[in-house]
Amino acid sequence: MTSSTSLSSAPHALTRYGWDDAWAAEFAPYAGQGLLPGRVLRVDRGQCDLMTESGVIRADTAFVTPHDPLRVICTGDWAAVEATGNPRYVKAYLPRRTSFVRSTSSQRSEGQILAANVDHAVIAVSLAVDPDLGRIERFLALAWESGAQPLVVLTKADLVPDPDALAYLVQDVERAAPGVQVLTVSSLTGEGTDVLAAIVGDGTSVLLGTSGAGKSTLANALLGEDVMDTGAIREVDGKGRHTTTTRNLLVLPGGGVLIDTPGLRGVGLFDAEAGVGQVFSEIEEYAARCRFHDCAHEAEPGCAVQEAVADGTLPQRRLESYRKLLRENQRIVAKTDARLRAEIRRDWRMKSAEGRANYSAKRGGRP
Ligand code: ZN
């Protein structure tokens with residue numbers, strides 16, 4: 001009895017990977033089936049690498065690769081994996097707390113799951129050029145939609161030596177990111193890195209941003225080593241040998257976990273209407289005060305949105321960015337609906353052809 005008590009109060013080997021009491025509770029039925037918990041480090045061609053209490057294992061993902069691309073197992077998932085077997089199979093994964101989804105570039109709009117169970121979405125923006133606020137708003141929409149808490153990190157702050165100019169830039173970005181912390185960092189001077197490390201030290205983070213935004217430099221500053229270019233990490237395997245593996249989920253020395261998957265580098269929206277609404281929450285608040293419920297905020301009388309633009313409270317740029325992202329989102333949704341409609345139609349045709357065949361068979365005639 002005492003030994004089981006001390007076992008349950010001992011720190012779980014997976015705690016560093018984000019395991020907590022809530023995950024343990026969710027996992028209980030699988031533990032009852034003799035399955036082991038593991039966090040997915042990477043997924044690759046029908047297999048995945050998982051961190052378990054006894055180290056990294058490779059398992060087959062056949063049971064967790066359904067037709068729906070949003071339900072395919074991905075990096076960051078907490079999985080239930082067989083304790084023995086060759087191959088071992090992942091039997092299930094726990095319900096996701098958050099999920100990053102992007103639209104694929106194919107004609108058919110299908111979402112693709114990029115990362116699961118992310119707490120912090122760190123949006124890196126380089127101060128080498130004037131920040132593109134529209135792009136920041138797009139990343140914010142994606143972050144909010146995922147369920148993660150966004151954070152904007154302005155990198156290369158040393159390139160803006162004038163403190164007034166820097167404060168002005170930060171203020172500009174803050175206006176584009178209501179409810180979001182905006183941090184300046186410089187890997188040259190080390191400024192801000194400790195603040196960032198403290199934030200991401202709790203939970204799982206992803207780095208978002210375009211190329212040149214300084215994501216690799218940020219990641220290396222957090223990881224304390226040069227691993228982000230290749231994702232390669234040296235570790236000791238179960239037999240005490242040093243091996244080099246590639247993974248998309250890394251434990252940070254200061255605590256916390258960082259997910260870096262190639263797909264996260266340039267992301268498009270995928271049905272992120274709620275996320276867009278959250279980025280532009282103040283516009284939606286104004287809109288609620290418009291005289292007409294179906295106000296398009298163009299030239300309608302009593303439009304609270306246009307009033308806010310007129311008195312300078314709401315930048316015109318922001319209203320345009322809001323419209324642009326909503327339009328983009330609607331196009332994606334329309335494409336998805338068209339595909340679904342086509343599938344339903346095909347299904348109906350098959351059924352009706354079947355029906356006709358059955359009908360004529362009963363009548364003993366020909367279709
Ligand atoms: Zn209006």
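Note that ligands are numbered from 1 as they come in the structure, with each ligand's atoms numbered from 1 the same way. Residue numbers start at 1 and run along the sequence shown.
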### Message
Between Asp172 and Arg318, does any NZ, NE, NH1 or NH2 come within less than 4.0 Å of an OD or OE carboxylate oxygen?
### Response
no
### Query
Could you walk me through whether Glu137 and Arg317 pass the salt bridge (charged side-chain N to carboxylate O under 4.0 Å, His left out) check?
CA-CA 11 Å; Glu137 285 159 342; Arg317 181 208 66 77; 2.8 Å; yes
### Task
Using the ring-ring contact (aromatic ring centres under 6.0 Å, His included) rule, collect all pairs that involve residues 147-180, keeping only residues at least two apart or in two chains.
none
### Query
Should we count CG of Asp21 as having more than 12 external heavy atoms under 6.0 Å?
no
### Task
Just the protein N/O/S atoms under 2.8 Å from the Zn ion (ligand 1), please, no waters.
Cys290 SG, Cys295 SG, His297 ND1, Cys303 SG
### Task
Please work out whether the ring planes of Phe27 and Trp19 are parallel, tilted or perpendicular, with thresholds of 30° and 60°.
perpendicular
### Side-chain heavy-atom pair Cys74, Arg96 within 4.5 angstrom cut-off
yes
